[in-house]
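Reviewing the structure listed below.
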Amino acid sequence: MPELPDVEGFRRVLSDCGRRCVTDIEVCDAGVLRGVTAKRLRKEGEGRRLGEAWRHGKWLFVPLDGCPTLVFHFGMTGSLWCCSPDEPFAGHDRLVLTLDDTRSLRYRDQRKLQGVQLADESAVDRILERLGPDALTVGRAELTDRLSARRGAVKSALMDQSVIAGLGNLLCDEILWRAHLAPRTPARSVGEAAYRRLHAAMGRVLRTSVRAGCVPPRRSWLTGRREDSEPRCPRCGRPLCSGRLAGRRTVWCSHCQP
DNA sequence: ATAAAGTCCTGAAAGC
DNA sequence: TGCTTTCAGGACTTTA
């Protein structure tokens, strides 16, 4: 689930919590902690006030009032919820922060592929230096430069977080379909006009998805068709192709994406 | 049993 | 030839 738009939604969840104080930290499953023990997390985090949360790609950074930053990654199944402390825990609530004793912030994740860490400034820098510019704000010239430096398929390049940060499997397929670009096209042989289309499609898809807090499962989008038993292109009605690229299921329309 | 929207690591292949 | 980049596959994890 979590690609850039979902993580942006989680950032809003935190933003809506304002500058509340973390009054309690409960680690329900220490398996999600990366490089920090439950004991140290509680010791460092409790009593701290939340700063303004920010996002880069699929990473969410939550500053805690002058101490290390709480860093979330949501893997394939993670999410962040804010509710009343009285709300019973869900099955996969792994970490629960109580805010001002009146709100409960819950990091939920079925599979523990990624997790939560406590990162000082240099650790945050180490995360950021592995990431390309954020997909939501990258300019067309920079996108073109970074993609055209790649030898492999354009989808592989879009998926690579060190090239552009934030796009996942669903978004890449959606964007390529809108840009009339076949996923296996070598990135360096994508022409200027197609890069223009790609950048425009990326902006439109991302802005709509960010508003929705997810890649919306609309029938008019490619994404809305991929679970169909015999998926057809929303634009031309022909059967969609499905294959594997960069280790991921890839769906495209061979007619619209030559 | 298979596959799933995440990343990381490895070894091999490809490109310059 | 040798270095770097890219790819494919597996690992991690849990459940439908």
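Order of the sequence lines fixes the chain letters, A, B, ..., with proteins taken first and strands second; residue numbering starts at 1 for each chain.
Counting distance only, with no hydrogens placed and no angle test, the side-chain atoms of A/R188 and the base atoms of B/dG15 include no donor-acceptor pair under 3.5 Å.
Going from atom CD1 of A/I127 over to atom P of B/dC8 covers 9 Å, rounded to whole Å. A/L113 places its CG atom 17 Å from the P atom of B/dA3, with the value rounded to the nearest Å. One atom, CG of A/D160, and another, C1' of B/dT7, lie 11 Å apart when rounded to the nearest Å. In this entry the distance linking CG of A/L158 with C1' of B/dA5 reads 15 Å, nearest Å. When the C1' atom of B/dC9 is taken as reference, atom CD of A/Q161 falls 16 Å away, rounded to whole Å. Put simply, CZ on A/R151 is 7 Å from P on B/dG15, counting in whole angstrom units. For A/D6 and B/dT7, the CG to C1' distance is 16 Å, given to the nearest whole Å. To the nearest angstrom, C1' of B/dA5 lies 18 Å from CD of A/E8.
A salt bridge links A/R108 with A/D93: at least one charged nitrogen is closer than 4.0 Å to a carboxylate oxygen. Taking 4.0 Å as the cut-off between side-chain N and carboxylate O, A/R226 and A/D173 count as a salt-bridged pair. A salt bridge is absent between A/D145 and A/R140: the closest approach of a Lys/Arg side-chain nitrogen to an acidic carboxylate oxygen does not fall below 4.0 angstrom.
Taking every nucleotide of DNA chain C with any atom under 4.0 Å from a non-hydrogen atom of chain A, the first and last of them, 5' to 3', are C/dT5 to C/dT15.
A/T223 comes within contact range of no nucleotide atom at all, as no heavy-atom separation falls under 4.0 Å. The residue A/R34 sits apart from the nucleic acid: no heavy atom pair falls under 4.0 Å. A/A187 comes within 4.0 angstrom of no nucleic acid atom, judged by non-hydrogen atoms across all strands. Among the heavy atoms of the strands, none lies under 4.0 Å from A/G247. A/R249 comes within 4.0 angstrom of the backbone, heavy atoms only, and of no base.
Between A/M202 and the options A/L176, A/L136, A/L167, a side chain to side chain contact (heavy atoms under 4.5 Å, CB included) holds for only A/L167.
Along DNA chain B, the nucleotide nearest A/W59 and the nucleotide nearest A/R226 are compared for position; the residue whose nucleotide lies closer to the 5' end is A/R226. Both A/R130 and A/L167 sit near DNA chain B, but only A/L167 has its closest nucleotide nearer the 5' end. Of the two residues contacting DNA chain C, namely A/D29 and A/A153, the nearest-nucleotide position lying further toward the 5' end is that of A/A153.
Counted by atom type alone, A/D160 and A/S162 present one or more donor-acceptor pairs between their side chains at under 3.5 Å. Side-chain contact annotation: A/S79 with A/W81, donor-acceptor N/O pair under 3.5 Å present.
The side-chain heavy atoms of A/V13 and A/L105, taken from C-beta on, include a pair separated by under 4.5 Å.
The side chain of A/N169 lies closest to B/dA5, out of B/dT7, B/dC16, B/dA5.
In terms of phosphate contacts, A/R150 brings no side-chain nitrogen or oxygen within less than 4.0 Å of OP1 or OP2 of B/dA14.
B/dT2 and C/dG9 have their P atoms separated by 15 Å, given to the nearest Å.
Aromatic rings of A/F10 and A/F72 (six-membered ring for Trp) have centroids beyond the 6.0 Å cut-off, not under it.
Summarising the base pairing, B/dA5 is matched to no nucleotide, lacking a Watson-Crick or G-U wobble pair whose two defining distances lie under 3.5 Å.
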